[in-house]
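Some notes on the structure that comes next.
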Amino acid sequence: MPDAARLPYAVTLAAPDDFEGWRDAARALVMAEIPPEAVTWIVEGDPVPLLAGGPPPVPPSDAAPPRVPRAFPDLAQQVIRHRDPARFALLHGLLHRLQAERALLEVATDPAVARAEAMARAIRRDAHKMHAFVRFREVPVDSEGALSAPLREAIRVAVPSTPAPARNARTVALALRNLGPLGDDLLAEPTATPAAEPPRPAPVEPPDAASRFVAWYEPDHHILRAEAGFFARRFAALRWSILTPELSAHWDGVEVRFGPGARRADAPAEDAAEALWRTYFGAIFNPARLKPEAMRAEMPKKFWRNLPEARDIPRLIEEAPRRVAEMVARGATPPAERRQRAVHLPAHLRGAQPDRPASVDPAAMPSADLLSESDYAEAQAALRRDLLARNDLPPWVANATQPVMGEGPQHPLLMFIGEQPGDEEDIQGRPFVGPAGRLWNKALEEAGVTRAEAYVTNSVKHFKFTPTGKRRLHQSPDAGDITFYRPFLQREIALVQPRLIVTLGATALRAVSGRAMPVTKLRGSLLRDPEGHPFYPTVHPSYLLRLPDPAAKAREYDRFVEDLGQAAATARTLPV
């Protein structure tokens, strides 16, 4: 093989964010065993370095393709969008090292890994800023149907043939409503979308062919192509263009087209909706949470000249103390009414009900082996009725909408036991339909377990929360709550008769085992509860949702899928 160190090669990419081109070239370089230091990366249109070599050789036909952990492609797609000219070589170096250092991405102190993660964070930050600070302005149309201030010819924006109809305040308000509260946008840092072709959602109604909205924006990095899909989904009912110095994006209601860059003068300076937008911003401005330094960090002054509300910020800051004093004088807003009427009797009307048993006695149930399908459904319904009939429910149950019982077949391969219902479960009356449940469903599918093989329930059957205005803040069940519901859970296990129980989180582990036990130390172990049922502890999927670091979240999700797969494999070895 030639000496790659003395024979530099050059790879040319079609665009600064050409992830597919980099991926194909980097795979070939690794297969050909060409080290990163022997390659010069060039973006088409940029000056070619004097010492750049020729194209790299084709890798041997029998060379094994490179293998990477699940987190690397996502990391690479984000780093490719960074403006650092060394990003291509950095990723090539990581790909080269990953073939021998499989756990490299887990070494946060490695300089190359730390640099790549920092670039990815910068890209997510830049995308977050773009989502928050792009402002569309309507391009006026004259009586002949032509744009009174036409865009540059290079942008290739179609000129309508008919005049635009008059736009009333409600039409513009509906468009502005799609933006959502600006304060909410500034609280979270969304993960940037992959650098694939933007999705093509079907708009609710066809965009107005006689109107176009144009925005000027100056991103710090090459993110427009990746983020165009966000605006296509959010403003599907408008025909819009986003102009940047290097690239432009145009949505016609069907697809996003990309064109050359533009100048600030190509975008309109203002439109009739400026006053409406400034009124909207003033209405959502919360003076009680004003932090000028944090606001300037989130809304740097470089964006102010594109934001109509920026001219109102000094006035809003000056008025904030007076408005806060008025809010304090008015007093607190009472909590909102419950969104759905509870099915429980009020506490003062509860009493002994002689037609229903007042205790939960698993021995009073018929043998689960003798239950027919209809008997099984009736036994589940009876368990719910017995819970509703209790007159000693914990006081906080009065706030819940309804009990949430388990779902699934009798004699399943796996019985999953979680903590308690969440907000969505409490409203729908079904287990695991919220964010954690959707993540669990996805992991279950990846682990090769069908829903027909799984029964899912919770240790505590009611949603325990603190009402705060329009939100209901989850409260973890305490030892008394777990103890109260444990007889119902034992009766449910005796009815379902699973081959193996999987406990999700510390509450479920305590409810099944009867005592507090560490999930992290017992995770993946095969244990038996006091009644002799085998069970397998792992984490609750809500734990994965709370992880702030995307790389750690990806690693823990993979481990969670492995736990579910291992539990299924173990269950298949147990006697029926």
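Side chains are part of it too, since the values below use all heavy atoms of this structure and drop only hydrogens, waters and symmetry mates.
The main-chain N or O of D220 is found under 3.5 Å from a side-chain atom of R83 such that the two form a donor-acceptor pair. A donor-acceptor contact shorter than 3.5 Å is absent between the side chain of E445 and the backbone of N441. A distance-only check finds a donor-acceptor pair linking the side chain of D252 to the backbone of E255 [under 3.5 Å]. With E425 contributing its side chain and G422 its backbone, the two residues share a donor-acceptor pair below 3.5 Å. Put simply, the side chain of H540 gets close to the backbone of S542: a donor and an acceptor are under 3.5 Å apart. Panel note: side chain W251, backbone A236; a donor-acceptor pair is recorded below 3.5 Å. Side-chain atoms of R137 do not come within 3.5 Å of backbone N or O of V214 as any donor-acceptor pair. Here the side chain of R438 pairs a donor or acceptor atom with the backbone of V433 at under 3.5 angstrom. Listed for the T244 side chain is no donor-acceptor partner under 3.5 Å among the backbone atoms of Y217.
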Quiz item: Step by step, would you call D266 with R263 a salt bridge (charged side-chain N to carboxylate O under 4.0 Å, His left out)?
Solution: CA-CA 5 Å; D266 294 321; R263 302 165 303 180; 3.2 Å; yes
Practice problem: Any chance you could lay out the side chain to side chain contact (heavy atoms under 4.5 Å, CB included) test for F416 and T538, step after step, and finish with the verdict? | Solution: CA-CA 10 Å; F416 291 90; T538 186; over 6 Å; no
Exercise. Walk me through it: do W240 and F136 pass the test ring-ring contact (aromatic ring centres under 6.0 Å, His included)?
Key: CA-CA 8 Å; W240 53 257; F136 289 105; 5.8 Å; yes
Self-check item: Test salt bridge (charged side-chain N to carboxylate O under 4.0 Å, His left out) applied to R572 and E453, step by step
Solution: CA-CA 11 Å; R572 291 188 175 98; E453 298 177 295; 3.3 Å; yes
Quiz item: Can you check side chain to side chain contact (heavy atoms under 4.5 Å, CB included) on M130 and L224, steps first, answer last?
Solution: CA-CA 9 Å; M130 185 174 187; L224 177 60; 3.4 Å; yes
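In this structure, D126 does not pair ionically with R81, as no charged nitrogen and carboxylate oxygen lie closer than 4.0 Å. Note on D24 versus R27: no salt bridge recorded, every NZ/NE/NH1/NH2 to OD/OE distance being 4.0 Å or above. R523 and E556 are joined by a salt bridge, as a carboxylate oxygen and a charged side-chain nitrogen come within less than 4.0 angstrom of each other.
Looking at heavy atoms from C-beta onward, R121 lies in side-chain contact with E117 at the 4.5 angstrom threshold. Taking the side chain as every heavy atom from C-beta outward, D563 and Q566 never approach each other to under 4.5 Å. The shortest side-chain heavy-atom distance between Y9 and P57 falls under the 4.5 Å cut-off. Here the side chains of D312 and F285 are not in contact, with every heavy-atom distance at 4.5 Å or above. Using a 4.5 Å heavy-atom cutoff, the side chains of P550 and D74 are not in contact. Counting heavy atoms from C-beta on, the side chains of M119 and L90 come closer than 4.5 Å.
Shown here is R67, whose CZ atom has no more than 12 heavy atoms of other residues, nucleotides or ligands within 6.0 Å. In this structure, E101 places its CD atom where more than 12 heavy-atom neighbours from other residues, nucleotides or ligands lie under 6.0 Å away.
Between F432 and W440, a ring centre-to-centre spacing shorter than 6.0 Å is recorded.
Side-chain contact of Y557 with E446: a donor-acceptor pair under 3.5 Å is present, judged by distance alone.
Here the CZ-CD distance, from F19 to Q77, works out to 4.5 Å after rounding to the nearest 0.5 Å.
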